[in-house]
Amino acid sequence: MESFSVDANASWTPRITMEFLDALNRHKEFKDRLMMLEQPFQVEFLKFESDGKMEQEWLEVKQRCDKEGVLIFADESICNADDVRKVKDYVHGVNIKLEKAGGYRKAIEAIDTAKQLELKVWIGVMVGSCLNSNIAAQLLCTRTWVDGHVGGGQWI
């Protein structure tokens with residue numbers, strides 16, 4: 001059986017995420033194959049001052065995902081090691097893209113930060129040439145519990 005990911009592309013609210021988890025529980029055949037839920041929360045939700053309500057709701061989502069074995073990964077929120085630190089309480093892992101990180105060394109810094117925070121790492125690439133895919137593929141073998149998709153060059 002093949003696994004799959006659900007990429008919300010920063011478009012869900014905590015309520016929608018909870019409804020998704022309810023639906024997933026009604027369809028165990030899919031739940032067992034779900035690899036990750038990617039970026040359900042808005043990119044900016046940690047960048048603005050708030051009353052803390054939104055942060056609390058996303059913490060509750062993470063707690064439920066912990067209980068149900070669903071992994072949450074940040075993608076659009078991650079550019080560098082500082083971003084990894086900001087989302088650490090809301091996710092199980094991060095998607096690090098070479099292009100967004102600022103190059104190879106900055107990507108390694110972000111990976112190392114994720115490892116120190118005991119987060120899983122997914123290596124991804126933007127749509128581009130095989131050059132960026134080949135360089136990103138080198139990152140796959142440099143750390144433990146690193147996975148990824150580096151086929152951006154196939155989209156061209």
Side-chain angles (χ1 to χ4, degrees), residues 2-14 17 20-21 33-156:
E2 290 193 36
S3 63
F4 67 96
S5 300
V6 172
D7 189 349
N9 278 321
S11 65
W12 290 3
T13 63
T17 308
F20 168 77
L21 293 170
R33 295 172 41 209
L34 180 65
M35 191 176 97
M36 75 169 96
L37 172 57
E38 190 173 339
Q39 191 75 34
F41 45 84
Q42 294 178 338
V43 174
E44 305 85 17
F45 101 93
L46 291 172
K47 296 184 180 181
F48 300 111
E49 287 189 35
S50 76
D51 61 3
K53 183 176 185 269
M54 183 65 69
E55 291 88 342
Q56 183 57 43
E57 290 176 351
W58 281 115
L59 286 172
E60 291 169 11
V61 167
K62 171 128 183 313
Q63 290 169 352
R64 180 162 172 201
C65 286
D66 287 341
K67 189 168 72 171
E68 296 188 18
V70 174
L71 300 177
I72 300 173
F73 273 68
D75 179 6
E76 288 82 6
S77 295
I78 303 300
C79 287
N80 55 44
D82 288 338
D83 293 335
V84 173
R85 288 183 199 92
K86 289 176 189 170
V87 301
K88 69 177 174 47
D89 295 330
Y90 305 93
V91 300
H92 302 95
V94 292
N95 184 348
I96 297 172
K97 294 182 177 166
L98 197 64
E99 301 88 344
K100 287 173 40 181
Y104 193 81
R105 290 176 132 182
K106 292 291 187 178
I108 289 176
E109 182 181 327
I111 292 168
D112 287 344
T113 299
K115 291 297 170 195
Q116 290 166 6
L117 297 171
E118 299 182 3
L119 296 173
K120 297 178 185 325
V121 174
W122 178 267
I123 303 296
V125 295
M126 309 296 277
V127 175
S129 74
C130 293
L131 293 174
N132 67 336
S133 296
N134 290 339
I135 293 168
Q138 293 174 23
L139 295 173
L140 291 172
C141 63
T142 61
R143 306 291 184 261
T144 58
W145 209 104
V146 175
D147 205 341
H149 181 268
V150 293
Q154 297 171 350
W155 293 98
I156 299 218

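The figures that follow rest on heavy atoms only: side chains count, while hydrogens, waters and symmetry mates do not.
Separating the CD atom in E38 from the CG atom in N9 is a distance of 7.0 Å, to the nearest 0.5 Å. Here the OG-CE distance, from S3 to M36, works out to 8.5 Å after rounding to the nearest 0.5 Å. How far OG of S5 is from CG of L37: 9.0 Å, rounded to the nearest 0.5 Å. Between the CD1 atom of I108 and the CG atom of L98 there is a distance of 9.0 Å, given to the nearest 0.5 Å.
Taking both residues in full, the closest heavy atoms of A110 and V84 are given as O-CG2, 4.1 Å, listed atom of the first, atom of the second, then distance. The minimum heavy-atom distance linking L71 with H92 is given by the pair CA-ND1, 3.5 Å. Residues I72 and P40 share a closest heavy-atom pair of CG2-CD, 3.9 Å.
You'll find the side chain of P14 stays beyond 4.5 Å of the side chain of E60, heavy atoms only. Contact of the V94 side chain with the D83 side chain is not registered, since no non-hydrogen atoms from C-beta on lie closer than 4.5 Å. Annotation: side chain of I96 is not in contact with side chain of W122 (no heavy-atom distance under 4.5 Å). Side-chain contact between V70 and R64: absent, with no pair of heavy atoms (C-beta onward) separated by less than 4.5 Å. In this structure the side chain of K100 never reaches within 4.5 angstrom of the side chain of N95, judged on heavy atoms. In this structure, the side chains of F41 and T17 stay at 4.5 Å or more apart for every pair of heavy atoms.
Side chain of Q39 to main chain of E76: a donor-acceptor pair is present (N/O by atom type, distance under 3.5 Å, no hydrogens or angles). Within the 3.5 Å criterion, the main-chain N or O of D82 finds a donor-acceptor partner in the side chain of N80. Side chain of K120 to backbone of F73: no donor-acceptor contact under 3.5 angstrom is found.
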Output, in order, the C-alpha distance, side-chain angles, deciding distance and verdict of salt bridge (charged side-chain N to carboxylate O under 4.0 Å, His left out) for E57 and K53. CA-CA 6 Å; E57 290 176 351; K53 183 176 185 269; 2.9 Å; yes

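Counting non-hydrogen atoms of neighbouring residues, nucleotides and ligands closer than 6.0 angstrom, the NZ atom of K62 exceeds 12 such neighbours.
Between F20 and W12, the angle of the ring planes lies from 30° to 60°, which puts this pair in the tilted group.
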